[in-house]
Amino acid sequence: MGSSARKKKEKQKDFQKPKYKVGKAKAKPSNFTDTSFQSRSIVMGKQSLSDLAPDTVTQFKHNLSLASSSKSDKQRRDALSYLTNQLSTEPPVNPVGTNNILTKLLPLISDNSTPARKQLLTLLQTLPGDEVGRHADQAILYVRAGMTHLSADISNDALGVMEWLLDVAADELVSCAGGWVKTLDTFCAMMGWAPRISKGGWSSGARVTLRAKDAATQARQISALAKMLQAGLAPVDSDDEGEDDDSDDMDSLYRVPRDPKSFDYLNLSSGSRNDEEQMYASREERQQVFKSRFYDSISQGADEAIKVGGLTGRAASALRKALTDGMTDFEEASAIDSKALLDLW
């Protein structure tokens, strides 16, 4: 090609190129990445590369921290699932102890995530019952808060935790500080059976609950209440008493108590006595306070629920039986004492 032809072709290319740009440039997409730069090296952040995975104790503590403090609902549920698997193995893997697990996870009873609450109940059911009983006073605080929650779902799931606590530590629950009176108050508030306590000539009637309850939920609440009354008011089986009654009496007098809260009933470290926070260790004490504060309202509520029939009626029949078995001998003893006083007078 001659020089003249080459020059002519270059002139044609220059003529085809636009010399001026009119208007705004085309907008770049939101995920645009500028790749026009050039670099001779790639600098990485501080990283630790190791072929050794974290040990079981470290992983357990890490997941326990995630379950109790993570902002992600899915992350809390997954961490609880990991802890459940570790506690379900044989032998169970629990490097932090039952007390630390309960302290960290009991606030999740009122968690906003339903899957997390369901997984929490599954985890609690893997804990040994004898160790849970030592911390019944701590657990019942969060259970009562969940049972009276404004959310119906949280209240129902907290009732499941209450049923678990009654299964594994019923005796410790009804005898701990606040475990009897305050828990019965919570049941009455949740079911709309307000206790009738006369104060200054005024008595509170049964109030209507704020949210509607279906038959299954109400039957479940009544069944849980019946189970608690059975634990607190049931007569002691004579077969459970040993033949060496004299030795048992001597042990109770001279043996050093093993319970860390053996002398709480003396109220040595607190101020004025609060009936709701008081410990009712004996059946007679629980019968007395139950008769004076709860018997009338719960008895009336059970009679009304029996008339409904169905699931609610069957659960109320079990509640009525628990009332009869637990309070018959107390009423008979009260009648005998009244008759004896009249005879003396």
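Side-chain atoms of Arg76 come within 3.5 Å of backbone atoms of Ser70 as a donor-acceptor pair (strictly under, hydrogens ignored). Without hydrogens or angle criteria, Ser292 side chain to Val289 main chain gives a donor-acceptor distance under 3.5 Å. With Thr89 contributing its side chain and Gln86 its backbone, the two residues share a donor-acceptor pair below 3.5 Å. Between the Trp164 side chain and the Leu124 main chain, a donor and an acceptor come within less than 3.5 Å of each other.
Look at Asp325 and Lys321 and you find a salt bridge, because one of the NZ, NE, NH1 or NH2 atoms lies within 4.0 Å of a carboxylate O, short of that distance.
Checked by atom type, the side-chain pair Gln287/Asp329 shows a donor-acceptor distance below 3.5 Å. Side-chain polar atoms of Thr98 and Arg134 form no donor-acceptor pair below 3.5 angstrom. With 3.5 Å as the limit, one finds a donor-acceptor pair spanning the side chains of Thr114 and Arg117. Side chains of Ser88 and Asn85: no donor on one and acceptor on the other come within 3.5 Å. No hydrogens or angles considered: nothing links the side chains of Tyr280 and Gln288 as a donor-acceptor pair under 3.5 Å.
Distance check, rounded to the nearest 0.5 Å: CD of Glu172 to CD1 of Ile140 gives 12.5 Å. Atom OG of residue Ser113 and atom CG of residue Leu120 lie 11.0 Å apart, to the nearest 0.5 angstrom. Taking CE of Met162 as the start and CG of Asp157 as the end, the distance is 15.0 Å to the nearest 0.5 Å. To the nearest 0.5 Å, atoms OG1 (Thr58) and NE2 (His62) are separated by 10.5 Å. Atom CG of residue Leu105 and atom CG of residue Leu127 lie 8.5 Å apart, to the nearest 0.5 angstrom.
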Problem set entry | Intermediate values then yes/no, side chain to side chain contact (heavy atoms under 4.5 Å, CB included), Leu184 and Leu225 | CA-CA 8 Å; Leu184 289 176; Leu225 177 58; 3.8 Å; yes

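Leu80 and Ala116 get closest at one heavy-atom pair: CD1-O, 3.5 Å. When all heavy atoms are compared, the tightest approach of Ala281 to Ser175 is CA-CB, 4.1 Å. Between Leu166 and Ala224 the shortest heavy-atom distance is CD1-O, 3.6 Å. Gly179 approaches Arg144 most closely through the heavy-atom pair CA-NH1, 4.3 Å.
Using cut-offs of 30° and 60° on the angle between ring planes, the pair Phe290 and Tyr295 is perpendicular.
When side chains are defined from C-beta on, Phe294 counts as touching Cys188, because their heavy atoms get closer than 4.5 Å.
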